[in-house]
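Sequence lines set the chain letters: A, B, ... in the order given, protein chains first and strands last, and positions in each chain run from 1.
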Amino acid sequence: MVNKIGTGEYVVKCPECGSTDLYHDYERAEVICNQCGLVVDEDLMDEGPEWRAFDNEQAEKRSRTGAPMTYLIHDMGLSTTIDWRNKDSSGRDIPSQQRAQLYRMRKWQQRIRVSNAKERNLTIALTELNKIASKLDLPKNVRESAAVVYRKAVDKGLIRGRSIEGVVAACIYIACRRCSVPRTLDEIAEASMMDRKEIGRIYRFILRELGINLSPTTPLDYIPRFCSSLGLSREVQMKAMDILNKAMNLQLTSGRGPTGVSAAAIYIASVLVGERRTQQEISEVAGVTEVTIRNRYKEIAEKLEIEITM
DNA sequence: AAGACGAAAGTGGTTGA
DNA sequence: TCAACAACTTTCGTCTT
């Protein structure tokens, strides 16, 4: 099957003709053999973060019926039934049967609220987690990873004094980086409607308390997503990674924000391959300014001796 | 008219005393 | 805890295509 190697190269043989020349169509989520045209693989979904375009639609569709539904069943379902009874009772006499029913419902609600705080917390948190993850188009494995981190945090009692949303957001941030699908703090802050600083604080706190070690984000991790958002071909993507690798070898990336470096590499690659994107377009998806892209790409182009002709 | 460029001042986060 | 510092942003006028 499809194997992801560290370089971002996908190695697979076409069962029909044995060729390794395969084309990945992210829009359709298919792997097609360039030699004989056979559709080698159709389900790219679980293969990794790269199929964002595909996962995008699917996640969107899913989340519409998924997260809000459970939301409805949990919160709304319960509270509306009780409201209903109250209204009804205020208008008319309550038969003893309904009284009994009302009593039972109250008891039920009480049980849910009081009996198992941890379960309750988890239910709310996981719902929240799915909502945020949907907004960020995160694949399932990242969501699960985030859930695992959250569960550990709950077990250690790290939630106390912190908002559930904040901790969830931080867990997602951690999970993203663990799975090499980094999102910036800004993106997560936007999706979770939390303060960026707050998430950062909680994030550091959880890392320390759970003893999690994260290797620092590399600009390479951002390339697939940015390229995909910009509708750039695989060729550009490979080129950008190539440039980045060389730049990293020359220590051009240390101390620099990874998103900026990544954006610059993509800019250079897009020009070289002839699928030019403007600095502004790239700056938007990368979340950095054009100025930063300019500074980075000047440095890289100079050191790598790449000529850029307009 | 849009994109690229770069100077200059401002901002937020890290570091070291 | 505070000031220095580098990276990055904002803003804006100019040049290029």
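Here C:dA7 presents its C1' atom at 15 Å from CD1 of A:I293, a figure rounded to the nearest Å. Between the CD atom of A:E299 and the C1' atom of C:dA7 there is a distance of 11 Å, given to the nearest Å. The CZ atom of A:R276 sits 8 Å away from the C1' atom of B:dG3 (whole-angstrom rounding). Taking atom CZ of A:R294 as the reference point, atom P of C:dC15 lies 15 Å away to the nearest angstrom.
One distance of note links CG of A:L244 with OG of A:S262; it measures 6.0 Å at 0.5 Å rounding. Separating the CD1 atom in A:I268 from the CD1 atom in A:I243 is a distance of 5.0 Å, to the nearest 0.5 Å. Summarising the geometry, atom CE belonging to A:M241 is positioned 7.5 Å from atom SG belonging to A:C227; distances are rounded to the nearest 0.5 Å.
For the ring pair (Phe, Tyr, Trp, His ring centres under 6.0 Å) condition, the pairs that include at least one residue of residues 180-203 of chain A, sequence neighbours left out, are A:Y173-A:Y203. Applying the salt bridge (charged side-chain N to carboxylate O under 4.0 Å, His left out) test to every pair with at least one member in residues 253-268 of chain A, sequence neighbours left out, gives these pairs: A:R256-A:E299. Annotation: salt bridge (charged side-chain N to carboxylate O under 4.0 Å, His left out) contacts involving residues 187-201 of chain A, sequence neighbours excluded, comprise A:D186-A:R196, A:E187-A:R225, A:E198-A:R201.
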Could you please spell out the steps behind the side chain to side chain contact (heavy atoms under 4.5 Å, CB included) verdict for A:R277 and A:Y267?
CA-CA 7 Å; A:R277 295 296 121 102; A:Y267 179 70; 5.8 Å; no
Donor-acceptor contacts under 3.5 Å from residues 214-223 of chain A side chains, at least two apart:
| residue | atom | partner | partner atom | Å |
| --- | --- | --- | --- | --- |
| A:T218 | OG1 | A:L220 | N | 2.9 |

Which pairs of donor and acceptor atoms, one on a side chain in residues 247-254 of chain A, lie under 3.5 Å apart (sequence neighbours left out)?
| residue | atom | partner | partner atom | Å |
| --- | --- | --- | --- | --- |
| A:N249 | ND2 | A:N245 | O | 3.4 |

Side-chain donor/acceptor pairs under 3.5 Å, residues 146-162 of chain A, sequence neighbours excluded:
| residue | atom | partner | partner atom | Å |
| --- | --- | --- | --- | --- |
| A:Y150 | OH | A:N121 | OD1 | 2.7 |
| A:D155 | OD1 | A:K118 | NZ | 3.2 |
| A:K156 | NZ | A:E209 | O | 3.1 |
| A:R162 | NE | A:L158 | O | 3.0 |

DNA chain B in dot-bracket form (Watson-Crick or G-U pairs under 3.5 Å, [ ] crossing, | inter-strand) is |||||||||||.|||||
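For the OP1/OP2 pair of B:dA4 and a distance below 4.0 Å, the side-chain nitrogens and oxygens of A:Y297 include no atom meeting the criterion. An OP1 or OP2 oxygen of C:dC8 is reached within less than 4.0 angstrom by a side-chain nitrogen or oxygen of A:R296. Listed pair A:K298 / B:dC5 meets the phosphate criterion, a side-chain N or O lying under 4.0 Å from OP1 or OP2.
Here the side chain of A:E275 pairs a donor or acceptor atom with the backbone of A:S233 at under 3.5 angstrom. Remark: side-chain polar atoms of A:K239 are not paired, donor with acceptor, to backbone N or O of A:A269 under 3.5 angstrom. In terms of modelled atom types and a separation under 3.5 Å, the side chain of A:S283 and the main chain of A:Q280 share a donor-acceptor contact. The backbone N or O of A:I188 sits less than 3.5 Å from a side-chain atom of A:S192, completing a donor-acceptor pair.
By the 4.5 Å heavy-atom criterion applied to side chains, A:S134 and A:R143 are counted as neighbours.
Within residues 245-266 of chain A, the residues approaching DNA chain C are A:G255, A:R256, A:G257, by heavy-atom distance under 4.0 Å. If you check residues 277-291 of chain A against DNA chain B, the residues with a heavy atom closer than 4.0 Å are A:T278, A:Q279, listed by number. In the region residues 190-199 of chain A, proximity to DNA chain B at under 4.0 angstrom, judged on heavy atoms, holds for A:R196, A:K197. A heavy-atom distance below 4.0 Å to DNA chain B is reached by these residues of residues 201-221 of chain A, ordered by number: A:R204.
Residues satisfying the side-chain hydrogen bond (donor to acceptor under 3.5 Å, both in side chains) test with A:E290, not counting sequence neighbours, are none.
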